[in-house]
Each structure stands twice: as C-alpha cells, then as structure tokens.
Amino acid sequence: MQKVVSPEHLFFEAPREQVFITGSEAVREAVRRANVDMAISYPITPQSESMHLVGDIFKEGYIREYFRGENEFAVMSAVAGASMGGVRVFTATGGPGTLRAFELFSTWSGARLPIVCAFMTRGVNSPLTIQPDTIEMSYLLDTGMIMLHAENAQDLYDYLLKAFPIAEQTEVHIPVGVFADGFFVTHTRENVKVAPVDIKLPPYNAYSAPVPVMDMENVPFRQMRDPFVMKSNYVSYAAHASWQQEVMAAAERARPSISSYLGGLLEVENADADILIITSGTAVSIAREAVAQAKQEGFNVGLVKIKCIRPFPTEEIRALTKNAKAVIVPEFNRVGWLAKEIKSIIPDNDKVIGAPRVFGGMTMPTQSILAEIRRCQA
Amino acid sequence: MYVAIKLNKEKCIGCKMCIFVCPEANVIAFCPKSKKVDVNEARCKGCGLCVVACPKDALTLDNN
Amino acid sequence: MSQEYQVLAGPEGYLPPAAAVMGVELPKTGEALVEGSLVSDTEALHKIADKLLSAKNPFFFPGPLLLWAWKAGVAERAQAVRDLADAVGAGVIPMPDYRPKYPMINPAIEINPNHPNLTIWHNKIDVCVFVGVHCHYANIALKIIRGGTSCYTIALCGEAGHEDAMISLRDVNLAKIQELTAIVMDKKRQIAGGGK
Amino acid sequence: MTKNILKMSPAFADIIPAEYRELVDNGPYGRDVGVAELGTFKELLEEHPLCAGCGLALALRIFLASLPAPEDTIVVGSTGCSSLVFPQAAVQNIHSLFGNQNSVASGLKRALKLRFPDKDKDVIVVAGDGATADIGLDMVMHSWFRRENITTIMLDNEAYANTGGQESGMSQQGTVLYMAPKGKNFPKISMPELAREAGCVYVAVGTPAQPRKLEKMIKRAILLARHIGPTYVQIMTPCPTNYKFKNNETVNRLKGLEKDGVFKPREYITAEAQEALNKLEEVSK
Amino acid sequence: MTTKVNIRMSGLGGQGVVTAAHILGAAATRDGLISIVNPFFGAEKRLAPAESYVRISDEPIYERGEVLFPNIIMIFHPHVITMGKCYTMPFFDGLQPGGIMLINSDEILPLSEEEKSKLAALQARIFYVPATKVALEVANTELSTNIAMLGGLMAVSPKLVTTRAISESIAERFGGGKFVASATTAALDDVVKSKFGKLEQLVEKNMEIVDKGGQAVHEFLISRAASA
C-alpha cells in the first residue's frame with residue numbers, strides 16, 4: 001500500500017500536507033513512513049503516547065511486529081537483538097527510562113547497531129518529577145550514539161525519518177538518538193508539514209552492515225557479537241582501543257549526511273552579532289522570541305540552533321564565536337552540559353554565559369533570556 | 001605444571017566413556033576402523049576426568 | 001586540522017587516532033583515498049598497481065565475505081581477487097573470521113583483526129591488501145597495523161571505503177578487480193619491456 | 001544439504017586453515033550426528049579458556065553436539081564463563097550484557113521470523129545461573145510469559161564463577177561462598193517449577209553425567225520451542241575451581257549429588273507439548 | 001502589527017480543558033492563524049487540577065510551554081478559585097493589563113477585596129458563564145462544560161476565531177481520526193462520544209451549547225471603590 005521512494009524524494013521533493021498535531025503524533029507520522037520492521041514499547045511519561053501511536057500503525061499494518069517489553073533495560077536489549085537479527089527497529093523512552101536502560105546505549109554503539117530511538121527528555125529523580133528537563137542528554141553525550149535535538153514537532157518528524165538513512169549507512173551504522181523536550185514538544189499541538197502517507201523509505205539492507213548480521217545466512221558462521229576482547233589474546237587491548245576509536249570514527253562519518261539531510265549541524269540567524277545565543281531543543285524556540293524582542297530594544301543579537309549534539313559542530317562553533325563578545329547558552333537543565341561543551345572547544349571561553357538555566361519542569365520565560373542579553377550589554 | 005593424558009592403546013576397548021566426560025572438544029577422537037580412541041595431547045588440559053571414567057585404566061595422567 | 005592528516009605507513013605510535021577523527025573524509029562515488037587525500041578512482045588503481053609491483057613481500061588478506069561462497073557472485077569475485085594476487089605475485093593469507101582467537105593464531109597461515117600485526121611481523125609483509133572483510137573489522141585491523149607496523153595498507157572495499165588504509169577504493173566489484181588486474185599486467189609488461 | 005555460508009570459494013579453498021576445512025568436511029552441519037557420534041566428527045567447539053575439569057565446558061560440548069540444526073542456530077549468551085567459550089564455537093552467538101539474554105533473544109527471534117518466515121531459525125539462550133536466576137530473572141520470566149519461541153538453557157554451577165565464586169540464587173542453602181561469608185541463608189531457587197508456572201511447555205533438569213539423556217532433553221526443548229512455546233533446560237555443571245574439588249571429580253560429584261537426592265533430574269511436559277513430541281519422535285523413528 | 005493572544009485554561013481533570021484548547025487552537029489554524037497548544041505538564045487525574053494553554057497569533061509563534069503571562073484566563077470550575085485547586089496561584093497570576101477572566105460559575109464568587117483591587121488595577125474584565133449548567137440543560141451531560149466555556153469565550157472575544165472554524169474543529173475532534181493528547185483524555189473521549197448519537201448530531205448539539213454558552217455570559221463589574 002506504500003510505495004518505496006528515495007530518502008531524498010521523501011524528505012525534499014514529495015509534496016507536504018500541513019497538519020495540526022502533537023509531537024507524539026509527529027512520531028507516529030515519521031515512523032509510518034520509515035518502513036520500520038519492528039517496534040518495541042514501554043510506557044513512561046511523557047513518551048507513552050508516542051509508542052501507543054506506533055502501536056496503532058502496527059495494527060494498521062505499517063509495522064510488521066510490535067510488543068510491549070517488561071522494562072526499559074529489557075526493551076533496549078530486545079531492540080538490540082532485533083537489530084542484530086537484521087531488521088529495522090524503533091523504540092522510544094525518556095528520563096528515568098533512559099537511565100534504567102543506560103547500559104544498552106553504549107552497547108548499541110559498540111555493537112554497531114543502527115537503532116533509532118526517540119528520547120522524550122524529562123527530569124530524573126530525586127525528587128520524583130515527570131517534567132521536562134534535558135539532563136539525560138548530558139549522561140548520553142559519550143555513549144557513542146549520534147544525537148539530534150529537535151526544537152519542535154516538525155523537527156521531531158523530520159529528524160526521526162532522516163535518522164534511519166543516517167544511521168544505516170555502512171560506514172556509520174551506529175544508533176541515532178532523536179531528542180525532543182518532553183511535553184514542550186510531545187504534548188504540544190502545532191502545525192507540522194508531512195509527506196504523503198503512501199510513500200516510505202527503502203528497506204534496511206542487513207548485508208551492507210559493517211558487522212555480520214546474526215542470521216546464520218551471512219558469513220562467518222563462527223561469529224560472536226560482541227566478544228570479550230581482553231588481554232587473554234595477545235595485544236588485544238589494542239583491539240578494544242581500536243574498536244572504540246572506530247565507533248568514534250563512525251559518528252564522524254555521519255557529518256556529511258547529517259549536514260545534507262538536516263541542512264547543517266546547526267542553523268544561524270544574524271551570525272555577525274555581538275551577542276550570540278547558542279542553544280538546542282525547546283530553548284531555541286524561547287530564544288527566538290527573546291531575539292525578536294531584543295532586536296526591538298536595539299540589541300545586536302544572533303541565534304545559533306544546534307541540531308546535532310553528537311557529532312558536535314566544533315569547527316562551526318569555533319568559527320561563529322570568534323568575533324562574538326558574549327555567548328549566551330540557555331538550557332533546560334541544571335548542569336549546563338551544552339555550555340560546558342561550548343566552553344571546552346573555544347579559546348576565550350570566559351565569554352560563555354551558562355544561563356538562564358531552567359529545570360524541574362519550569363517554563364523558560366522569554367524575559368529570562370532578555371535579562372541575560374541586557375546584562376551583557378551593560 | 002605440564003600434564004596431558006597418556007593412552008595405552010592395548011587396553012582401550014573403544015567404549016568412548018572418555019569422550020563423553022572430556023570438557024574439551026576434539027581432544028579424544030574415535031577411530032571407527034580400529035574401534036579405539038586417539039588423543040590429541042596438545043589440547044589436553046590434564047583434568048583427569050577421562051582417567052576416572054575409563055573402565056580399563058587405559059588412560060593415565062602422570063602427576064595424579 | 002582537516003586536509004593535513006596523512007595516512008602513512010607506520011609505526012605511527014602506541015595508539016594512533018582514527019583517520020576519520022583527524023578529518024579524513026571518505027571518498028564519494030568515483031573517488032578514492034590515497035594517504036588521506038581524495039583522488040580519482042583511476043589514479044588510485046594505478047597507485048595500487050605501483051605499490052603492489054614495487055613491494056618486496058605483498059600479501060592479500062581475503063576475509064569471510066570472499067572466502068565463503070555465501071551468495072551469488074562471490075565465487076567469481078574470489079577468483080578475480082586470486083587472479084589479481086597471482087598477477088602481482090603476492091601471497092594470500094585468509095581472515096576466516098573475527099573472533100578473538102584462543103589460545104593463539106598461527107600467523108603463517110591466518111590473520112585476525114584483533115592482532116593483525118602478528119601475521120604481518122611473522123611474514124615480513126611490507127604491502128597488504130584487505131578485501132572481503134566486514135568494514136568494522138577491517139578498520140580495527142588497519143589502525144592496529146598503522147600503529148605498530150611499517151606495512152603499507154590497501155583496502156578494496158565493496159562499500160564506502162576505509163580512511164584508515166593508506167589507499168582505499170570504494171564500491172569495488174568484479175569489474176573493478178579485473179580492471180586492476182589488467183593495469184597490473186600492463187605495468188608488468190612495461191617493466192619487462194623497458195627493463196634490462 | 002550444505003548451506004552456502006559453509007561452502008569454500010574455490011579460488012581460496014587451498015588456503016582455508018585446517019580447522020575450518022574440517023568443519024566443512026566433517027562437521028555436524030546438516031548431518032544426523034549427535035552425542036553418540038562424538039569423537040567421530042569435527043565438533044563445533046575449538047580450544048577454549050575454561051578451567052580443566054569444568055562441568056560447564058562439558059555441558060557446552062554436549063549441548064553443541066545436541067543441536068538439531070546447527071546450521072540454523074543462533075545462540076544468545078550472557079556474561080559469565082560460558083561467554084568465554086562462544087567465540088570459539090562455530091555457531092553465531094550474541095553476547096550482549098549480563099542478564100539481558102532472554103530479551104535479546106526475544107528481539108532476535110522475532111526479527112528472524114520476519115526475515116525468514118518459512119525457515120526454523122533456532123534461537124537458544126545459554127547462560128549461567130547468575131544471569132538466569134538472579135540479574136536476568138525478570139527478563140527470563142517475561143520471555144516465558146510472552147510465549148517467545150526460544151529455548152532457555154541454564155548452566156547451573158551454583159555460583160558466580162567467572163567473578164571468582166560468589167553466592168548465587170542457585171547456590172545451596174548453607175554454602176559458604178564469597179558474599180555469603182556465614183553461608184547462604186535461603187534455599188536454591190526452584191527455577192524449573194517457576195518455568196513451568198511461567199508458561200514453558202517443556203522443562204527439564206539434566207546432567208552431563210548422562211550425556212545421551214541430556215541430549216534428548218536439549219533436542220526436545222529446541223524442537224518444541226520452534227512452534228509450541230518457550231522451553232527451559234537446567235543443567236547441573238559443577239565448578240571444581242570455586243567449589244574447590246579435584247578437577248577429575250566433576251562427573252563423580254554429579255553422580256553423588258544425584259544419589260544423595262541433592263540434585264534431581266526431572267522433566268515437565270504440557271499435554272500440548274507431549275502431543276507434538278509424540279508426532280516428532282514418531283517421525284524420527 | 002502582531003496580535004498575539006495567550007490563553008490559560010484552568011479547571012479540574014475531566015472537564016475538558018485539554019480538549020477545549022485543542023478545539024480552539026485547531027479552529028485558529030483553520031482560520032489561517034498560527035496556534036500552539038499544550039497541556040500542563042503533569043499526570044492528569046480526574047478532578048485534580050488541570051491546565052492547558054493556547055497561543056494564537058497571525059505571525060509565527062515560537063514560545064511554548066506554560067503560558068506565564070495570559071491575556072485571557074478561563075476558569076472551568078469554581079473550586080479553582082474558592083478552593084485553590086490550581087497549579088497557578090493566585091488564579092489570575094500573570095494576567096496582562098486589560099486581560100479577560102472567564103469563570104464558569106452559577107453565582108458570583110466571593111473574591112477578596114485585595115483580589116478585586118489587583119484585578120481592577122490591571123483593568124481586567126471579569127465575565128461569568130454558567131457553563132456546566134448550560135451543558136446539562138442542552139446536552140444533558142456535564143462533560144460538555146468545555147464547549148460551553150468556548151461559547152463564552154466566543155462571546156467575550158468574538159474576533160479570536162470564527163464560529164465556522166469552531167464547528168469544523170468540533171467535528172474533526174470527535175469525528176475524525178484518533179485524537180491524542182494523552183491516554184487518559186482518549187479514554188474520556190469515548191465517554192463523550194457515547195453521549196451523542198451520530199457525528200452530525202454531536203456537532204449540532206455542541207454548537208447549540210456554544211450559542212447558549214455565549215448568551216449566558218454576563219460581565220461582573222469590579223466597583224471603582226474596590227480599586228481605591
């Protein structure tokens with residue numbers, strides 16, 4: 001019932017219809033067109049609706065297999081098993097679910113599994129919270145997976161769909177996490193432009209993988225994924241080290257495709273401004289309002305939206321921030337991981353202002369960013 | 001310590017009890033023609049399970 | 001930093017970086033990588049022929065994707081690679097699988113991605129060709145070789161290529177292997193004709 | 001029939017190392033050989049790093065010889081002694097993490113059903129007692145609740161052996177081990193009974209001291225898992241290293257435990273499975 | 001010139017604040033405006049405080065999340081004010097100068113003098129609408145309170161969205177594909193649908209509620225004295 005088209009056609013050429021939907025529904029619409037073989041679910045606020053909806057399209061026949069696992073660690077494990085079995089898989093989680101499953105994420109990368117997982121970010125205990133917060137991204141920065149951060153439901157739809165061909169390239173073949181701020185994106189209803197429902201991505205080709213798929217139809221027949229690589233085997237410390245480097249290299253190799261599918265790892269408005277706001281996710285939206293108001297007040301302010309957190313747009317940010325007098329990094333978390341990232345790559349990093357930081361589910365008022373802008377100029 | 005089983009072929013009756021108790025693969029082979037076993041000493045770890053199992057004392061382990 | 005990193009024969013050091021992390025990008029269709037720089041496919045084919053013909057002890061390392069006739073067309077490609085090795089006068093040592101081998105490998109007759117240097121040292125190989133190895137394992141081996149040996153590495157890849165090899169071809173198929181063999185034969189004739 | 005993955009490319013047949021050639025020429029793939037023929041065919045296992053006299057290694061040897069279709073078998077393992085063996089076994093194997101083996105197997109089995117709807121791909125979990133009864137118990141049981149078509153095999157050495165001999169849920173009450181310095185203070189977990197209650201259609205407890213009987217259990221478990229439902233086999237595999245007995249005593253110890261009633265081989269079969277088994281065993285006669 | 005309206009709807013779980021926000025936002029979109037709609041970020045439970053937010057503008061809106069500075073506040077249940085069943089305290093927190101309050105109550109609620117004087121200082125206009133009463137009278141279910149509240153909103157802010165867009169949004173919301181705000185909302189949806197026969201009947205009845213709700217609105221004039 002759906003026709004396979006090239007990713008380029010699906011992303012850039014096919015006509016798009018505007019629908020007024022939530023971020024969770026955007027997940028459904030992306031997965032509907034992604035030719036996903038299997039999806040495995042487990043509830044957690046604010047992700048649950050996304051995987052309910054994926055269940056609905058399983059019932060409608062858009063996905064071939066779907067079930068609810070018993071906890072996030074188990075789900076991420078089952079997803080790994082399915083991926084090693086050579087099918088295209090999708091799942092989603094967020095917050096405490098992410099942490100519960102944590103051991104798997106670096107395992108996915110190390111095992112070169114092109115799993116696409118949506119993370120609907122939320123705060124982690126303690127105390128208990130179900131509110132939006134991007135702190136889990138800070139923990140995931142070094143798991144080896146590619147990390148895309150959606151600003152809104154449109155991004156979530158686009159990034160999810162684009163994540164599959166990015167992840168599945170032979171030279172990349174590592175997981176892609178698509179992050180969306182819980183509630184701010186998942187539960188918010190807005191206009192999203194989607195491709196026709198009767199087209200979908202080409203299927204996954206397991207035999208182009210950089211590692212053997214586990215089906216006893218592919219060579220070698222003696223193959224363990226993934227073995228202990230320990231010093232019991234001569235110089236195999238070097239094998240482990242080389243393996244880790246290869247996973248890092250795989251993320252690097254994703255830069256060209258991320259760039260061409262997403263239009264760059266970042267997006268800039270008024271690049272030559274004295275004051276640059278650099279941020280990602282929902283904070284970009286809030287910053288857009290702040291920039292508009294700041295301009296009316298006569299400030300020379302620019303905005304950098306980082307779409308791709310891993311691999312990090314290091315060179316781009318170095319070039320952009322070279323002449324800026326101040327860099328403001330608003331974040332929806334307590335630890336300020338994005339500000340730290342930026343500080344770690346630019347020489348004169350005392351101009352990086354890690355504020356405002358909003359967490360615990362609180363909304364970031366436009367005024368709080370404006371206040372930082374005014375402080376810079378004072 | 002370096003030990004491996006020794007086989008006295010004279011005593012072997014080809015019952016294969018040694019093969020069924022050996023935790024190592026491809027160490028003791030059975031020759032259908034001679035109806036006796038052969039031992040690949042290079043792969044033997046010298047646990048002695050076959051020595052215990054052998055009903056005819058055809059297998060020995062030096063240091064046991 | 002990009003453009004500058006040269007992928008040269010080692011030993012580069014205790015733990016050399018992945019070339020991709022140093023800014024070396026994989027070639028696009030029709031292109032190839034020579035020592036970290038992009039060149040045309042044709043130029044790379046000639047470079048490979050020259051390297052192989054000037055080598056003291058070249059070896060081919062066919063991997064499982066070629067050693068086992070697991071799908072249609074593999075036996076033919078394997079034959080073409082063998083013909084190429086024969087044309088060069090190179091030795092062939094297989095990489096039958098990727099397991100961390102216990103308790104040791106016999107470096108005279110096989111190579112393993114977890115310790116490829118053992119085979120290179122043992123056989124005093126100065127130029128080697130990886131072919132039919134899954135990309136992940138080829139990259140691991142290529143980095144270990146660059147780190148600890150002086151062997152010049154060439155990768156004939158059916159997929160997108162390998163930055164960690166000194167020369168890397170991408171989308172290698174039967175025709176391209178045969179083209180390389182033809183170039184090798186041609187160069188041999190030239191050497192013989194022009195030689196003393 | 002020989003599958004293509006087991007056929008040498010003629011151009012390289014002369015350089016394939018002997019151990020692979022033997023597997024192709026004289027291995028158990030696609031052949032009707034089993035435990036009785038051990039010693040006459042090339043086993044799937046090569047030299048492995050487990051201790052001399054290891055009961056677990058012996059069980060693995062018998063397990064690999066018992067596979068009804070090694071050429072279509074994928075083993076899912078877990079962290080522990082057994083995961084040191086599988087790199088040397090000539091079947092595809094997944095070692096993912098500690099305890100998640102039954103979840104990985106669930107995903108794998110369903111994926112293979114999608115990709116090969118007309119073939120039986122045997123997905124078999126082989127893990128230790130720690131992985132099965134302790135850290136992975138929820139995932140093991142949920143794979144049974146969900147009626148996944150997988151076989152779960154526990155290699156029960158009554159301890160965490162790979163980490164140096166700590167108490168596990170399968171250790172006998174009173175046993176002094178690391179982390180149980182005063183002796184284990186609760187009884188061995190009744191995994192076979194749990195398996196039966198959780199939906200396994202076939203449950204067996206066996207011993208490598210009776211290799212033919214164990215083979216039969218393993219074969220039944222794998223064949224029934226294909227279409228009837230989840231199955232479970234628990235194999236007693238004493239550990240001479242951590243239980244500090246002489247490594248030539250492993251088999252006698254097994255016999256002794258059985259004689260003393262500490263260890264009881266047993267089988268549970270549902271009516272549905274019994275019916276399927278009758279048909280299967282009828283055909284093979 | 002941008003005309004951006006921020007609306008906060010405060011009520012109790014099950015009264016349909018999320019649904020009302022959805023219908024309003026979808027109607028704005030039908031009218032060619034831009035709208036962003038989201039509920040409060042909590043676990044929704046029946047009769048526990050619930051909020052939703054609607055932003056409507058003729059220009060792109062980027063802001064999202066809680067509406068901290070509303071132009072219009074809709075109170076779906078008297079307890080929001082009288083018993084403080086509200087996550088935003090006081091109930092008029094953040095109301096912008098000249099803002100509107102629309103309260104579902106059969107009777108005038110006892111606001112304190114301090115509250116009255118603050119509202120007067122903001123030049124706020126307060127309207128009452130007996131929305132639950134209207135819903136019960138017209139549709140025989142209190143579950144249509146939210147629709148009556150929308151009727152009240154249409155009466156006090158007639159230029160916000162068109163009646164036609166509201167009616168189409170109601171049809172889409174209850175008749176079209178599966179709606180998703182949250183699982184709990186989806187469950188309540190089925191109850192609403194079961195109260196009406198066919199879709200046409202549902203839309204017709206609901207539009208009647210919108211009308212009657214609008215007619216039932218009356219303004220409460222804060223006395224000058226209160227603000228003194």
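Every chain is numbered from 1, with letters handed out A, B, ... down the list of sequences. For clarity, every value in this text was computed on a predicted model and none was experimentally measured.
- Of the atoms belonging to D:E47, heavy atoms from both backbone and side chain fall under 4.5 Å from chain C.
- Within 6.0 Å of atom CG in D:D14, more than 12 heavy atoms from other residues, nucleotides or ligands are found, so the atom counts as buried in its surroundings.
- Residue C:K28 qualifies as open at atom NZ: its count of foreign heavy atoms under 6.0 Å is 12 or below.
- By the 4.5 Å heavy-atom criterion applied to side chains, D:L6 and C:W68 are not counted as neighbours.
- Of the atoms belonging to C:Q79, heavy atoms from both backbone and side chain fall under 4.5 Å from chain D.
- Within the 4.5 angstrom heavy-atom criterion, only side-chain atoms of C:P62, from C-beta onward, approach chain D.
- Judged by the 6.0 Å distance and 45° axis criteria, C:K51 is positioned over the aromatic ring of C:Y152.
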